Protein chains: 2
Amino acid sequence: MSDITTTLKTKGIRPTAMRSLVYQELAKQDTAVALTDIELAFTKADRTTLYRTVKTFEENGIVHQIDDGTGISKYALCEPGCNCEIENDLHLHFHCSNCDKTVCLTEHKIPQISLPDGYVAEDVNLVVKGICSDCSGS
Amino acid sequence: MSDITTTLKTKGIRPTAMRSLVYQELAKQDTAVALTDIELAFTKADRTTLYRTVKTFEENGIVHQIDDGTGISKYALCEPGCNCEIENDLHLHFHCSNCDKTVCLTEHKIPQISLPDGYVAEDVNLVVKGICSDCSGS
DNA sequence: AAGTTAATGCACTTCCATTGCACTATAATT
DNA sequence: AATTATAGTGCAATGGAAGTGCATTAACTT
């Protein structure tokens, strides 16, 4: 039984062939990818299946969804030990306006935010837009 | 000549009747609004016109666009003296998952973010999701 | 192996953002 | 004031992405 199969089972997901492949594809990425990107990697699979696969991953804490401000949802595998639910564990994301790639800066945690009275924070999303190291040429 | 007309002219925008009305409508709001909201306020005007009006406002620094993670763009008038372009002037936004309203917390500035080498920041977007004071009942 | 439950694929819908083009109003020029 | 240029507005249509319903197929259970 492969590593991926074990991982999926551990998270309470039935390890189908499709899911293993999608997991593998996500693991290959060094950036967060859009559903369309995944779709291009699996021309034979249906978009809906990929959509639901990713959603399932998300619900089970295997993937986190990133809103980088482009209006297109991006997805990335959670790091080992990542706990997306815990606010303190949230990291920031960087979106390159040149190559349009979005990366997780997992080592950069989001600072504590103070809110006005009566406001209750459940989730924090911090996206920095600019030029990534690949594009800035430095 | 009305205040609004003057404001528009100062920003280099031709002060048409439509634009003054849209400005007025935005000024009334205490939250950031979606294009659809503006559309509902002006049933006689075309959606495209409103769309382009808001875009014009945005390009000329009268309005800033907010991506609150719902996938729907929200717009809000810039505060007097607001300079959306200057990174230090960026404030955070709060999106209530109960009433679906998005507010600008202009007094809450975004802390300085450190990035890995080679990354150049141009813009920072910080959205906190949770329950707003109206909905939390406190 | 039979039956139950979940996953997949297809078709379709919805929602918002955006564009092209014709028409109209505004501002500039004579 | 009439003419021309420039910019704004409205209508129609397109496109992209997210999401849903249902029939089919595959995966687990006993």
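All of these numbers come straight from a predicted model, not from anything done at the bench. We use all heavy atoms of the structure for the numbers below, so side chains are in, but hydrogens, waters and symmetry mates are not.
- The OH-P distance, from A:Y51 to D:dG19, rounds to 3 Å in whole Å.
- Using a 4.0 Å heavy-atom criterion, one finds that B:T56 contacts no nucleic acid atom at all.
- Here the C1' atom of nucleotide D:dG10 and the CG atom of B:L50 are 11 Å apart, to the nearest Å.
- In this structure, OH on B:Y51 lies 12.5 Å from OG1 on B:T36, to the nearest 0.5 angstrom.
- In this structure, CZ of B:R52 is placed 10 Å from P of D:dG10, rounded to the nearest angstrom.
- Rounded to an integer number of Å, the gap from NZ of B:K44 to P of D:dG10 is 12 Å.
- Salt-bridge check for B:R47 with B:E39: passed, with a basic side-chain N closer than 4.0 Å to an acidic carboxylate O.
- For the pair A:T48 and A:T36, both in contact range of DNA chain D, the more 5′-proximal nearest nucleotide belongs to A:T36.
- Checked against B:D68 for a side-chain hydrogen bond (donor to acceptor under 3.5 Å, both in side chains), the options B:K74, B:K101, B:K129 give a single hit: B:K74.
- In the 5' to 3' direction, nucleotides of DNA chain C lying under 4.0 Å from heavy atoms of chain A begin and end at C:dA6 to C:dA11.
- In this structure, the NZ atom of B:K9 is 16 Å from the C1' atom of D:dG8, given to the nearest Å.
- Of the possible donor and acceptor atoms, none in the side chain of B:D37 sits under 3.5 Å from a partner among the backbone N and O of B:V33.
- Listed by residue number, A:R14 are the residues of residues 11-28 of chain A with a heavy-atom contact under 4.0 Å to DNA chain D.
- Between B:C135 and B:N98, the shortest heavy-atom distance links the atoms SG-OD1, 3.2 Å.
- Both A:L21 and A:F57 belong to a single network of hydrophobic side chains, linked directly or stepwise wherever heavy atoms of I, L, V, M, F, W or Y lie under 4.5 Å apart.
- DNA chain C is contacted by both A:D46 and B:Q65; A:D46 maps to the nucleotide lying nearer its 5′ end (nearest heavy atom per residue).
- The CG-P distance, from B:N60 to D:dA7, rounds to 13 Å in whole Å.
- For the pair B:F57 CZ and D:dG8 P, the computed distance is 11 Å after rounding to whole Å.
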request  = Test B:I62 against B:L8 for side-chain contact (heavy atoms from CB on, under 4.5 Å), laying out the working first.
outcome  = CA-CA 8 Å; B:I62 287 183; B:L8 295 180; 3.7 Å; yes
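- Of all the heavy atoms in A:S97 and A:I131, the pair that sits closest is OG-CD1, 3.9 Å.
- Atom C1' of nucleotide D:dT20 and atom NZ of A:K55 are separated by 14 Å, given to the nearest angstrom.
- Residues B:H93 and B:H95 place their aromatic rings such that the two centres sit no closer than 6.0 Å.
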